[in-house]
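Report on the following structure.
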Amino acid sequence: MKRLTLLTLPLLLASAVISIGAEIAFGPVRAQPGESVRLVSSSKSADGVIAISKDGRTSKGSIRISRDRDLSWTFREPAADGTLRGMVSVAKIFTQTSIKLDGKEEKSEDASPLNGKMFAMTKPPASEWKFELDGSVPMLRIQNEIDELTLYLKRQWYPNRMVKIGDSWEFDPAWIRMIIQKDLQNAQTIGTMTLRQIRHTSEMDTAVIDIAVRSTGGDFQPDGRETHVQIELTGQITVNLATMLDERLELKGIIVSTTGSLSDSKKVTLPVQLVVTKSFVKNFSTP
């Protein structure tokens, strides 16, 4: 079956690779008619350290955080006026946190109200993406999730030029930073990618791209409290050249966050591992 090229979809812009001699160019992903793209991400922070200082006394403990996402995206033909249209189905957006401090353990879970829901998204020409929700959950409760989806749709990670093995370029990794650290939405984030190699096997040809992410930011409150976050991540993206899909993103690194004032503060140091996989799946039913 001939593959359908999704020329108008910024969501899928990131991963297609066309070889021309020793150089390659990035372009749109190709999908079979009737296919959606499933995105599964897992961000885990194990063996983290938390230190809380108050009134001259410091308590230390451990912290673990896991964030899981399972979404499917389907794009429909653009409307006559050029409006981009699609559907997103949310299987799971879920966060778990465990903190042990002074011999006590506190656990919390947060399941998104969007879990199990399917809704439409549109982008009129020269406008931003909009999500058509059914009103069953307050917008304020799901604002973080909507912001995350919007950042993903807007991402532009790859250059509009030919590149060769060894070439590097900067990109905006705001979506990566957001899915592992929701605080400090105004944090300054820098990302660099380098085309490392093209792997040839009997099963597939794969492009391997090195990636590095660094993010720093601070918030200052009127009451004198401050929040600072620093993120350092490195890893790789692999692209299946047969399907033109970036099938796996894996990053490891550390997050250090400090909140409070001179007399009352909390510092958290978290080793982080982020794994994002994508695959083609058959479309869910759309209106």
Using side-chain contact (heavy atoms from CB on, under 4.5 Å) as the criterion, list what pairs up with [X], not counting sequence neighbours.
| X | value |
| --- | --- |
| T201 | E203, M204 |
| D102 | R57, S59 |
| K104 | none |

Are [X] and [Y] linked by a side-chain donor-acceptor pair shorter than 3.5 Å?
| X | Y | value |
| --- | --- | --- |
| K92 | S112 | no |
| T206 | N240 | no |
| Q143 | D147 | yes |
| E226 | H228 | yes |
| Q197 | R199 | yes |
| T58 | S53 | yes |

Interatomic spacing from [atom1] in [X] to [atom2] in [Y] - rounded to 0.5 Å:
| X | Y | atom1 | atom2 | answer |
| --- | --- | --- | --- | --- |
| L245 | F280 | CG | CZ | 4.5 Å |
| I50 | K267 | CD1 | NZ | 12.5 Å |
| I52 | D264 | CD1 | CG | 9.0 Å |
| I93 | D70 | CD1 | CG | 9.5 Å |
| I211 | Q236 | CD1 | CD | 10.0 Å |

Practice task
Please go through V256's hydrophobic cluster and name the other residues, only I, L, V, M, F, W, Y counting, with side-chain heavy atoms under 4.5 Å joining them.
Solution key: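 Once heavy-atom contacts under 4.5 Å are chained together, V256 belongs with I254.
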Handout entry: Residues D172 and R155 bridged, charged N to O under 4.0 Å
Key =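 No salt bridge links D172 with R155.
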Exercise for the section: Considering only NZ, NE, NH1 and NH2 on the basic side and carboxylate oxygens on the acidic side, decide whether R69 and E148 come within less than 4.0 Å. Expected result: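 Looking at R69 and E148, the cut-off is met.
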Could you report the tightest heavy-atom contact between [X] and [Y], atom names first, then the distance?
| X | Y | value |
| --- | --- | --- |
| V268 | L270 | CG1-CG, 3.7 Å |
| P125 | D81 | CG-O, 3.3 Å |
| T189 | S215 | OG1-OG, 3.0 Å |
| I231 | R177 | CD1-CG, 3.6 Å |
| T83 | P124 | OG1-CA, 3.6 Å |
| K44 | S66 | NZ-CB, 4.0 Å |

Handout entry: Residue pairs passing the salt bridge (Lys or Arg N to Asp or Glu O under 4.0 Å) test where at least one lies in residues 204-216, sequence neighbours excluded
Key =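 The answer is R196-D210, R214-E232.
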Is it possible for you to say whether [X] and [Y] belong to one hydrophobic cluster, with membership spreading through side-chain heavy-atom contacts below 4.5 Å?
| X | Y | value |
| --- | --- | --- |
| L39 | F119 | yes |
| I179 | F94 | no |
| V208 | V239 | no |
| V40 | L114 | no |
| M139 | W129 | yes |

Practice task
Give a yes or no on whether E128 atom CD has more than 12 heavy-atom contacts from other residues, nucleotides or ligands under 6.0 Å away.
Solution key: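 At most 12 heavy atoms, drawn from other residues, nucleotides or ligands, come within 6.0 Å of this atom.
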Handout entry: Ring geometry between W175 and W157 (parallel below 30°, tilted from 30 to 60°, perpendicular above 60°)
Key =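 Judged by the thresholds at 30° and 60°, the geometry between W157 and W175 is tilted.
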Practice task
Describe, in one word, how the ring planes of W169 and Y158 are oriented to each other, choosing from parallel (under 30°), tilted (30 to 60°) and perpendicular (over 60°).
Solution key: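 Plane angle between 30° and 60°, so tilted.
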Practice task
With sequence neighbours excluded, tell me which residues meet side chain to side chain donor-acceptor pair (under 3.5 Å) with E109.
Solution key: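 Applying side chain to side chain donor-acceptor pair (under 3.5 Å) to E109 gives Q96.
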